[in-house]
Amino acid sequence: MGDDEDKHRLVRRPQRERRATGSEQDDAAPSMNEKTQHSMKSGDVVGGPSSCFWIGSASLFVGFFASSLTLPFLQSQRDKLGCDALCFGTMQSARSTLSLLGSVLIGRLSDQCGRSTALYVGVAASLFSLAVSLYASSVPFMWIAMVPVALLNQNFSVMKALFADASHAHRLSDTDRAAAMGRLGMAAGLSFMLAPMLAATLLTTYDQAVSSAMVLTVASGVLMTQLSTPSAAPASAPSPPPSTATATDPSNDGSPRAALTRYVMNLVLLPVVQLPGAQLLLAVRCGMSLAYHLFLAAWTPSLRDRFQFGARDHAWFMSWIGLWYAVSQGYLAKVLIRWAGVEDGGTRLLQACVVCLSAGRVVALWTSSLSTVYVVMAAVIVALGVVNTILSSACARLASKEEIGGLFGVMEAVESLAGIVGPTVGGLLYRQHRQAPLAILVGVYAVVFVLVALLYRRHVVEHQPPASAAEQREVAAVADDKRDKRD
């Protein structure tokens, strides 16, 4: 019984605390070279993290750039095939629903089958959708093209999980991990800024845009082959202690059916979601996404009514937004997180960003100056980029390597759920009163602010990072060796 208690305490204790324990534990701990060899055998990222981060960001940039090339031509293609407003709205709702399901499914599959497999599935889904779009002659073909890419291409969240793996493998600090996550946001922002403008300038037809997107999607997949990715996580969790295993449990009889049962259960269940910190992050993400969609319901008609925004104005404004999101994710987020310090784990910075998002969007909707709109929205986008970086880094802190892909998938699913509910609620509120979405938006941000102030530090910042399955096996082996020596 004493050995079991020692083993449990060792597994739950943080890495740095284990290093600071007594000499007996220091003597029993494996050397750094042994740990490195074990990490390589267990499938951790091999090589420097910088190359992984840059290649991964470049691959994601090329993939997003490819998908954004068709944006200037989508409306004309829908008109050509007879997809009216009702058709488009239904497809958007279906896309959000499929993305909700796919983000959880692909995220969990990446935990079980490996990040590379999930990334290649996303590339294949994009190529199939583009091929169908190239020869689409009716609305049903648009649906066929939409389904696989919405369901299976979750490469953004999978790449975040891959970056989290690399950060854990090389023991990066919270600031460096946040900076790595920020590169993905920078890649997304730059691609959405550049691709539509270049497509509208250099391309003349929808077919040309789709053909170019297919070539670039293949290039994105080629870049992925250069990534040093972790191998798949074990299909089953470590065996429970003999005192907890029962002979009547069908998952412990060692048969192929039991192995399949364990695999399916590990695929479906995600224990990290039961943590208070993970539930807090999900609530914050849901609130932020809901507030965004409420804002969007009033934002587009407000621009039209105040400034007579046309297609060209929207294109320039989206490029401005993409620029500042890229700057925020690629540079400013890391600077601000480092400036805020590590004492509160970014709690006050997160609260300041929530206030900036709320106040900035109120000002952007009320001002009659277009210059003020551009300046205020730049600040809003910077705050949004910092929030996304902090939340992604916090997910990597809470979840182990075996669960991080699933947690990122659930975060994306929550965002998709807000995308299904938010536009409808925002539209109904705007129809009742033009300021109603704004009032609810402020209330949602207030709730998020209070949640962060009361719970973030205790359940996220002060949470002890979980031991991975490899670490648990390592500590168990050390405890067994100590017991054998005493015997």
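Computed from a prediction, not measured in an experiment: that's the story for all the values here. Keep in mind that the numbers below use all heavy atoms, side chains included, and drop hydrogens, waters and symmetry copies.
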Looking at [options], which one forms a side-chain contact (heavy atoms from CB on, under 4.5 Å) with [X]?
| X | options | answer |
| --- | --- | --- |
| R285 | V448, N388, L290, L280 | N388 |
| M197 | P72, S68, S319 | S319 |
| N155 | L184, V123, V121, L162 | V123 |

Note, [X] side chain near [Y] side chain (heavy atom, < 4.5 Å):
| X | Y | result |
| --- | --- | --- |
| R95 | V149 | yes |
| L227 | M159 | yes |
| M288 | L357 | yes |
| T367 | R306 | yes |
| S328 | V386 | yes |
| E403 | V410 | no |
| K334 | D176 | yes |
| V327 | V382 | no |

May I ask you to decide if the ring planes of [X] and [Y] are parallel, tilted or perpendicular, using 30° and 60° as cut-offs?
| X | Y | value |
| --- | --- | --- |
| F156 | F64 | tilted |
| F61 | F65 | tilted |
| F53 | F163 | tilted |

Mind listing the closest non-hydrogen atom pair of [X] and [Y] along with its distance?
| X | Y | answer |
| --- | --- | --- |
| A399 | L407 | CB-CD2, 3.9 Å |
| Q351 | A453 | NE2-CB, 3.2 Å |
| A396 | M181 | CB-CE, 4.1 Å |
| A125 | P148 | CB-O, 3.6 Å |
| V62 | A219 | CG1-CB, 4.2 Å |
| I390 | Y456 | CG2-OH, 3.3 Å |

How many angstroms lie between [atom1] in [X] and [atom2] in [Y], if you round to the nearest 0.5 Å?
| X | Y | atom1 | atom2 | value |
| --- | --- | --- | --- | --- |
| N153 | I106 | CG | CD1 | 9.0 Å |
| H293 | I420 | NE2 | CD1 | 9.5 Å |
| R177 | H168 | CZ | NE2 | 6.0 Å |
| Y325 | L190 | OH | CG | 11.5 Å |
| F408 | Q154 | CZ | CD | 13.5 Å |
| L294 | Y430 | CG | OH | 13.5 Å |

Using modelled atom types and a 3.5 Å cut-off, is there a donor and acceptor pairing between side-chain atoms of [X] and backbone atoms of [Y]?
| X | Y | result |
| --- | --- | --- |
| S289 | C286 | no |
| S129 | S126 | no |
| T225 | V222 | yes |
| Q308 | D305 | yes |
| S103 | A413 | yes |
| Q208 | T204 | yes |

Using a cut-off of 6.0 Å, state whether more than 12 heavy atoms not belonging to [X] lie near its atom [atom1].
| X | atom1 | result |
| --- | --- | --- |
| Y292 | OH | no |
| F317 | CZ | yes |
| R434 | CZ | no |

field: Residue pair S220 / S59, side-chain donor-acceptor N/O under 3.5 Å
entry: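 S59 and S220 do have a side-chain donor-acceptor pair below 3.5 Å.
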- request: Would you kindly say whether S99 and E412 are connected by a side-chain donor-acceptor distance under 3.5 Å?
  value: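 The criterion, which ignores hydrogens and geometry beyond distance, is not satisfied for E412 and S99.
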query: Between L275 and H459, does a side-chain contact (heavy atoms from CB on, under 4.5 Å) hold up when you go through it step by step?
result: CA-CA 8 Å; L275 294 175; H459 292 305; over 6 Å; no
message: Can you see whether F295 has R361 sitting over its ring - NZ or CZ less than 6.0 Å from the centre and within 45° of the normal?
response: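 Yes, R361 and F295 form such a contact.
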- prompt: So R78 and L74, side-chain contact (heavy atoms from CB on, under 4.5 Å) or not? Walk me through it.
  reply: CA-CA 6 Å; R78 287 193 292 266; L74 285 179; 3.7 Å; yes
